[in-house]
Engineer: 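Next up is a structure, given as structure tokens.
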Amino acid sequence: MAGAVEIAEGIYSVGVKDPSLTLFDDLFPTEYGTSYNSFLVRGATHTALIDTVKFKRCDELLANIRTLMDPADLDYIVVNHSEPDHSGSLSFLLQHCPKACVVSSQAARTFLGNQIHTQFASRIVKDGEELDLGGRTLKFIAAPFLHWPDTMFTLLAEEGMLFSCDAFGAHYSGKGLFADEEPDFSGETRFYFDCLMRAFKDRVLAAVAKLDGIDLKMLCPSHGPIYRSEPRQQIDNYRKWSMPKVGGRRIAVFYLSPHGSTERMAEAVAKGAGDAGVYATLCHINHASIADIRDLMEESDALIFGIPTVNRDIPKPMWDVLAYLSTVSLKGSIAGIFGSYGWSGEACRMAEDRLKGLGLKLPVPFVRAPFTPKPEALAECESLGRTIAEEVLKK
Ligand code: FEO
């Protein structure tokens with residue numbers, strides 16, 4: 001970001017761009033880089049900085065602030081979220097801003113204490129609390145689990161500007177500062193939501209409900225462009241993406257089947273579920289996209305996994321599917337496992353550990369069958385599907 005840019009009278013973007021970043025948090029691909037947005041708000045009597053940047057870019061942040069004021073005069077540093085891409089510069093910055101008080105949620109204060117091992121002035125704010133800057137008011141809106149327990153929004157009430165930190169952002173480093181200056185990057189905003197927020201849909205709905213009734217003029221997330229035209233569009237998208245789907249009860253059966261045996265077991269599981277009155281969708285995981293798998297996980301009342309053992313392990317594509325479980329908002333907690341194996345059969349036990357570790361309940365022991373399943377094994381699979389369907393219908 002080229003220095004400090006005034007985005008409204010007395011309100012400046014002072015963050016930095018990181019266009020060459022290819023992997024965020026060592027987890028998420030960032031084809032278009034990202035930015036670490038930070039904002040300086042001047043009131044008549046006090047000045048506040050809202051969020052900082054990652055530590056490696058702290059010099060640029062400080063230089064941007066220096067173009068506007070002596071950092072020693074800064075009164076507040078608001079930490080909407082204490083993940084180091086936003087708070088990593090805080091310790092450095094406090095050395096140059098000796099009178100600045102750090103304003104955050106209680107959770108963020110606790111997390112900052114574990115990051116910065118020295119004393120610093122701080123103020124804990126609760127939902128709805130306000131901070132007067134002199135003719136300008138910062139109002140804090142608790143938005144926990146978007147996507148950490150500490151997250152909050154800061155609303156500059158008089159101007160209708162919302163500083164939302166991670167929420168509504170995108171890993172996208174554009175040429176300008178504003179979304180209306182960029183080509184369509186909606187794919188990045190959706191990918192970002194899926195990576196960071198999807199697992200917390202109920203929290204997203206609770207947070208966006210708090211924004212109803214606000215006359216919003218500008219939406220300023222901490223990653224990616226700022227929204228000055230149609231600032232509610234991203235908020236509406238988050239609401240839409242988080243709304244529960246309506247429909248009848250259903251079960252998803254995710255499976256892999258190198259030689260057709262686990263597939264036969266999957267069909268028997270689906271038949272048992274259907275006999276009990278619950279439709280089961282069979283999903284060969286290599287024939288479905290990640291998005292389809294995640295959608296099916298969220299739309300289903302129970303999840304059943306057909307997992308063959310290969311080289312004493314769960315095959316990698318199925319490990320990936322099991323990893324998606326912590327990235328979605330599940331409707332229920334009922335699960336089941338079955339699978340074919342050759343001579344050792346460890347996969348079902350490993351999957352059981354994984355599912356139980358995530359808090360899922362397995363009302364039926366897993367069903368394993370060596371090589372080609374016998375009729376008795378297929379009958380067990382039918383019974384597994386039937387019992388899980390009956391559990392679903394009790395809910
Ligand atoms: Fe952009 Fe959760 O940090």
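Each ligand, and each atom within it, is numbered from 1 in the order the structure gives. In this chain, residues are counted from 1 in sequence order.
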Engineer: If I take atom CD from residue Glu83 and atom CZ from residue Phe111, how far apart are they, to the nearest 0.5 angstrom?
Structural biologist: 10.5 Å

Engineer: Measure the spacing between CZ of Arg42 and OH of Tyr12 and express it to the nearest 0.5 Å.
Structural biologist: 5.0 Å

Engineer: Counting backbone and side chain alike, does Glu83 bring an N/O/S atom below 2.8 Å of atom 1 (Fe) of ligand 1?
Structural biologist: no

Engineer: With a 6.0 Å cut-off on the ring centroids, do His259 and Phe371 count as close?
Structural biologist: no

Engineer: Take atom 1 (Fe) of ligand 1 as the vertex and measure to OD2 of Asp85 and OD1 of Asp166; round to 10°.
Structural biologist: 160°

Engineer: Counting distance only, does the side-chain N/O of His171 pair as donor-acceptor with the main-chain N or O of Gly33 below 3.5 Å?
Structural biologist: no

Engineer: Within Cys165, is some N, O or S atom less than 2.8 Å away from atom 2 (Fe) of ligand 1?
Structural biologist: no

Engineer: With a cut-off of 2.8 Å, does His223 put an N/O/S atom close enough to atom 1 (Fe) of ligand 1?
Structural biologist: yes

Engineer: Checking only N/O/S atoms, does His86 have one that is under 2.8 Å from atom 1 (Fe) of ligand 1?
Structural biologist: yes

Engineer: Is the ring pair Phe200/Phe145 parallel, tilted or perpendicular, if the boundaries are 30 and 60 degrees?
Structural biologist: tilted

Engineer: Where atom 2 (Fe) of ligand 1 is the corner point, what angle links NE2 of His81 with NE2 of His147, to 10°?
Structural biologist: 100°

